[in-house]
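Only one structure is covered here, and it is reproduced in the block below.
The shown structure was predicted, so the numbers you read here are calculated from the model rather than taken from an experiment.
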Amino acid sequence: MESRKESLLKFLESIEEKEVIIKEKTAESMSSAPEKNIPPINPQIMREMTVRLERTAKDLDGMVSWLEREMSEMSSHTAKFVDHHAKAVDEVSENTDKSVKAMYSLLSKANSMQKDMTKVEMMSSHLKSINKYLERLDTTLATIKPNPDIT
C-alpha cells in the first residue's frame with residue numbers, strides 16, 4: 001500500500017509530464033503556423049482596449065476594496081455574536097447551577113419536614129388515644145352515682 005506522500009509525488013510527476021507535453025505541442029503549433037495569417041494590429045483598437053482594461057481594473061479594485069470592507073464588517077459582527085453567545089452560555093450555566101442548588105436545598109427541607117411530620121403524626125395518634133381515654137373516663141364518671149356521704 002502506497003503512503004500518502006508517495007501518491008502525492010506520483011500525482012505531481014504526472015502533472016509535470018502533462019505540462020511538458022502541452023508546452024511541446026504549443027511550440028510545434030506556433031512554429032508550424034504561417035505568419036501570413038496574422039492580421040496587422042490596429043493602434044486605435046489597442047488604445048481603446050487599454051482604456052477599457054484600465055477602467056475594468058479600477059472597477060475591480062473598487063469592488064475588491066468594497067468586498068474587503070464588507071468582509072471586515074461581517075467578521076466584526078461575527079466576533080460580537082460569538083462573544084454574546086459565550087456570555088449567554090455562561091449565564092445559562094450559572095442559572096442552571098443556581099437552580100440545581102435551590103432544588104437540592106428544597107429537597108433537603110422537604111426531607112426534614114417529612115421527619116417532623118412523622119413526629120407530628122405520632123403526637124396526633126397519642127392525642128387521639130388520650131382523647132379516647134378521657135371520653136371513656138367521662139362516660140364512666142357519668143354512670144357512677146354520686147355518694148352523698150362523701151362531701
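- Residues Leu60 and Trp66 share a single hydrophobic cluster, defined by chaining ILVMFWY side chains whose heavy atoms lie under 4.5 Å apart.
- With rounding to the nearest 0.5 angstrom, the CG atom of Leu67 is 8.0 Å from the CE atom of Met74.
- Atom CG of Leu53 is separated from atom CE of Met46 by 9.0 Å, given to the nearest 0.5 angstrom.
- Partners of Arg136 according to the side chain to side chain donor-acceptor pair (under 3.5 Å) rule, which considers only residues two or more places apart in sequence or in another chain, do not exist here.
- Rounding to the nearest 0.5 Å places CD of Glu48 at 10.0 Å from OG1 of Thr50.
- Heavy-atom neighbours of Met103 CE from other residues, nucleotides or ligands within 6.0 Å: above the threshold of 12.
- A donor-acceptor pair is defined here as one N or O able to donate and one able to accept, closer than 3.5 Å; such a pair exists between the side chain of Thr56 and the backbone of Arg52.
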Inset, instruction - Let me see the working for Glu91 and Lys87 under salt bridge (charged side-chain N to carboxylate O under 4.0 Å, His left out), right down to the final yes or no. - result: CA-CA 6 Å; Glu91 191 171 319; Lys87 288 177 184 175; over 6 Å; no

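- Here the CD-CD distance, from Gln114 to Glu121, works out to 9.0 Å after rounding to the nearest 0.5 Å.
- The backbone N or O of Met71 lies less than 3.5 Å from no partner atom in the side chain of Ser75, so there is not a single donor-acceptor pair.
- Here OG1 of Thr139 is found 8.0 Å from CG of Leu137. Values are rounded to the nearest 0.5 Å.
- Of the possible polar contacts, one joining the Thr96 side chain to the Val92 backbone as a donor-acceptor pair under 3.5 Å is found.
- When the options Val82, Val89, Asp83 are evaluated for a side chain to side chain contact (heavy atoms under 4.5 Å, CB included) with His85, the one that passes is Val89.
- Formation of a donor-acceptor pair under 3.5 Å by the Ser124 side chain with backbone atoms of Val120 is not found in this model.
- For the side chain to side chain donor-acceptor pair (under 3.5 Å) test, no residue two or more places apart in sequence or in another chain qualifies with Arg69.
- Residues Met122 and His126 come closest through the heavy atom pair O-CD2, 2.6 Å.
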Inset, instruction - Could you please spell out the steps behind the side chain to side chain contact (heavy atoms under 4.5 Å, CB included) verdict for Ser76 and Lys80? - result: CA-CA 6 Å; Ser76 172; Lys80 288 177 185 175; 3.9 Å; yes

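- When atom types are taken as modelled, the side chain of Ser65 and the backbone of Asp61 share a donor-acceptor pair closer than 3.5 angstrom.
- Going from atom NE2 of His77 over to atom OG of Ser72 covers 9.5 Å, rounded to the nearest 0.5 Å.
- As a member of the Ile/Leu/Val/Met/Phe/Trp/Tyr network built from side-chain separations under 4.5 Å, Met49 groups with Ile45.
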